[in-house]
Amino acid sequence: MFSTLVAVALSSSLFLTVNSQGIVCNVTSPCPESTPCCSEYGYCGTGNFCLGGCNPLYSNSLDSCLPNPLCEDATHTFADNSRILTNTSYFDGNASEYDWVVDKGSIINTNSSGGELGLILTETNGGTRLSSTRYVHYGTISAKLKTGRWPGVVTAFITMSNIKDEIDWEFPGANTTTGQTNYYWQGVIPNATHGQTETGVSDTFANYHEYTIDWQPDALTFSIDGNVVRTIKQTDAVDPTTGINEYPNTPSRIQLSLWPAGINASAPGTVEWSGGMIDWQDPDYVSAGHFYALVQSVSVKCADPQSPGANITSYVYGSNQTTDTPAIAFSNQTTVNGAGHLFEIARFGGLGGKACSKFVKFVARATRRFNYAHYLHRFQSSTVARIYIQPQQFWSLLDIRFG
């Protein structure tokens, strides 16, 4: 539900940037080489477009997107926000530096009981979404959280892959005694919904509960406070009409969000599902100035089908192992994209205008395909370098940044 209903709201702050590219990417129109990466919002670009959410199936080639940072066992608590990057445009793919990025909206920290992370929804911010910097390719993920309690406001804890495999825990509207579980395969809306309502949970706004997604190659299990409420076998996920197995199977980010479903821009069915239109005059909203959901912790136990070697850093997509399921492989390629810093480096090196643009385009492309020594050698011997590059300090700075 989340991926299909809220993508427009979450991309609003990026719309002018991506729309200026003017190139839409989809299953029939992959990105051109000049802007090779298909972002999660369906536009072609470079730089940040090649990071989290970059769809390799709609990009120029399967290796256009940066590799996905490898899963690591962890328990994330929120005594402060030091491991959260609050401006996703500054993220360069380094998952060792930050555990989470704020894709949209704003967060607070209550600093009580060891700290609680607050996801904020206001009438103007369009909701908040937090994404993990690392991916999970099967594993057990648990989030201990308190949901919202207002009609039209949806709290969500999901996993989402770059090709739109999705597993959901969602809590719509004012109903604080149920939760909803769901899953999707490659963004396909099934003829018969995979969603199910789970009952018997005590007040989800007043009480912390631990919601678990236990995602294994052969089965998907949902639990509340350690009690299993639903299990889907991989063998039962075959669509009877198409014969395609619609079981999620690609590396995914963990996402936490609070989003506005009960607004005029939503379809009538979405508004109804979420409990009705949002009341921006609700006493809770007027008093606090926002709606909110609280997160106490997120734990991750990785369950990769094969154990990664000591030098493995990432996941990459390979040629289809079947017609509908891309192959996933381990990689020791970097997940860091240097393109976000290239203009700064180029300006320091005395480049401007055409030269700066050529440099950024060359290195952004090269960093996706070669190691540092290889692309630096190629660039130094290129026509662009021979014509435009002079200052020695330029190469020194480049060496510091990428060496």
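- Residues N337 and G47 come closest through the heavy atom pair ND2-O, 2.9 Å.
- In terms of modelled atom types and a separation under 3.5 Å, the side chain of D165 and the main chain of N249 share a donor-acceptor contact.
- Taking every heavy atom of both residues into account, V101 and T133 meet most closely at CG1-CG2, 3.9 Å.
- With sequence neighbours excluded, the residues forming a salt bridge (charged side-chain N to carboxylate O under 4.0 Å, His left out) with R83 are D99, listed by chain and number.
- S223 and T212 form no side-chain donor-acceptor contact under 3.5 Å, judged by distance and modelled atom types alone.
- Checking N182 against Q180 by side-chain atom types alone, no donor-acceptor pair falls below 3.5 Å.
- For the residue pair S131 / Q255, a side-chain donor-acceptor distance below 3.5 Å is found, with atom types taken as modelled.
- Using a 4.5 Å cut-off on side-chain heavy atoms (C-beta onward), P308 and L70 make contact.
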Kindly determine whether Y183 and D168 satisfy side chain to side chain contact (heavy atoms under 4.5 Å, CB included), including the steps that lead there.
-> CA-CA 6 Å; Y183 70 95; D168 297 346; over 6 Å; no
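- Side-chain contact annotation: E116 with Y208, donor-acceptor N/O pair under 3.5 Å present.
- Side-chain contact, N87 with S89: a donor N or O sits under 3.5 Å from an acceptor N or O.
- Under the 3.5 Å distance criterion, the side-chain polar atoms of T77 are left unmatched by any main-chain donor or acceptor of S297.
- Counting only heavy atoms from C-beta outward, the side chains of L121 and V153 approach each other to under 4.5 Å.
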Go through the steps to decide whether C37 and C65 satisfy the test disulfide (SG to SG under 2.5 Å), and finish with yes or no.
-> CA-CA 6 Å; C37 297; C65 303; 5.1 Å; no
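- Here V238 pairs with N245 under the side chain to side chain contact (heavy atoms under 4.5 Å, CB included) rule; sequence neighbours left out.
- Looking only at side-chain heavy atoms (C-beta outward), W169 and T181 come within less than 4.5 Å of each other.
- Under the 3.5 Å distance criterion, the side-chain polar atoms of H209 are left unmatched by any main-chain donor or acceptor of A143.
- Separation of the F205 and W150 ring centroids falls under the 6.0 Å cut-off.
- To the nearest 0.5 angstrom, L117 atom CG is 7.5 Å from L256 atom CG.
- Residues satisfying the side chain to side chain contact (heavy atoms under 4.5 Å, CB included) test with I244, not counting sequence neighbours, are W185, T242, E246, D324.
- Using a 4.5 Å heavy-atom cutoff, the side chains of Y292 and L119 are not in contact.
- With rounding to the nearest 0.5 Å, the separation of NZ in K164 from CD in E166 is 9.5 Å.
- Between the CD1 atom in I224 and the CZ atom in R230 there is a gap of 12.5 Å [rounded to 0.5 Å].
- When side chains are defined from C-beta on, I120 counts as touching I108, because their heavy atoms get closer than 4.5 Å.
- Residues meeting the side chain to side chain donor-acceptor pair (under 3.5 Å) test with T335, sequence neighbours left out: none.
- Remark: Y285 engages W280, F291 in a ring pair (Phe, Tyr, Trp, His ring centres under 6.0 Å) (not counting sequence neighbours).
- Residues Y317 and P251 come closest through the heavy atom pair OH-CD, 4.2 Å.
- The closest side-chain donor-acceptor pair between Q333 and S314, if any, does not fall under 3.5 angstrom.
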L130 and D103: side chain to side chain contact (heavy atoms under 4.5 Å, CB included), yes or no, with the steps?
-> CA-CA 6 Å; L130 197 73; D103 301 313; over 6 Å; no
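- Not a single donor-acceptor pair under 3.5 Å links the side chain of S29 to the backbone N or O of N26.
- Nearest heavy-atom pair, V24 versus Y43, reported as atom, atom and distance to 0.1 Å: CG2-CE2, 3.9 Å.
- Under the rule for a ring pair (Phe, Tyr, Trp, His ring centres under 6.0 Å), H290 has no partner lying at least two apart in sequence or in another chain.
- Across E170 and A156, no two heavy atoms sit closer than the pair CG-CB, 4.0 Å.
- The side chain to side chain donor-acceptor pair (under 3.5 Å) search around N81 returns N109, not counting sequence neighbours.
- Counting heavy atoms from C-beta outward, S257 and T128 have side chains that stay 4.5 Å or more apart.
- Looking at N207, its side chain never comes within 3.5 Å of a backbone N or O of T204 through a donor-acceptor pair.
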Verdict with supporting geometry, R253 and S132, side-chain hydrogen bond (donor to acceptor under 3.5 Å, both in side chains) = CA-CA 6 Å; R253 292 180 293 169; S132 64; over 6 Å; no
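- Closest heavy-atom contact between S266 and V271: CB-CG2, 3.8 Å.
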Would you sort out whether C44 and C31 count as a disulfide (SG to SG under 2.5 Å), showing the intermediate values?
-> CA-CA 6 Å; C44 299; C31 292; 2.2 Å; yes
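- No side-chain heavy atom of V136 sits under 4.5 Å from any side-chain heavy atom of T159.
- Atom CG of N264 has 12 or fewer heavy atoms from other residues, nucleotides or ligands within 6.0 Å.
- Residues forming a salt bridge (charged side-chain N to carboxylate O under 4.0 Å, His left out) with D304 (at least two apart in sequence, or on another chain): none.
- Defined by atom type and a distance below 3.5 Å, a donor-acceptor pair is missing between the side-chain atoms of T155 and T147.
- Remark: aromatic rings of Y211 and F171 are close, center separation under 6.0 Å.
- Other residues, nucleotides and ligands contribute only 12 or fewer heavy atoms inside 6.0 Å of the CD atom of E272.
- The aromatic rings of Y315 and H137 lie perpendicular to each other, with more than 60° between the two planes, well past the 30° mark.
- Aromatic pair W215/F222: ring centres not closer than 6.0 Å.
- In the model, Y135 has a side-chain atom that pairs as donor or acceptor with a side-chain atom of N162 under 3.5 Å.
- Of the charged side-chain nitrogens involved, at least one lies within less than 4.0 Å of a carboxylate oxygen, so that R129 and E40 count as a salt-bridged pair.
- Partners of D73 according to the side chain to side chain donor-acceptor pair (under 3.5 Å) rule, which considers only residues two or more places apart in sequence or in another chain, are K301.
- Residue K146 qualifies as enclosed at atom NZ: its count of foreign heavy atoms under 6.0 Å is above 12.
- Using modelled atom types and a 3.5 Å distance limit, the side chains of T250 and S161 yield a donor-acceptor pair.
- Partners of E210 under the salt bridge (charged side-chain N to carboxylate O under 4.0 Å, His left out) rule, at least two apart in sequence or in another chain, do not exist in this structure.
- Taking 4.0 Å as the cut-off between side-chain N and carboxylate O, D203 and R149 do not count as a salt-bridged pair.
- By the salt bridge (charged side-chain N to carboxylate O under 4.0 Å, His left out) test, D239 pairs with no residue at all, sequence neighbours left out.
- Every residue two or more places apart in sequence or in another chain that forms a side chain to side chain donor-acceptor pair (under 3.5 Å) with E72 is listed here: R134.
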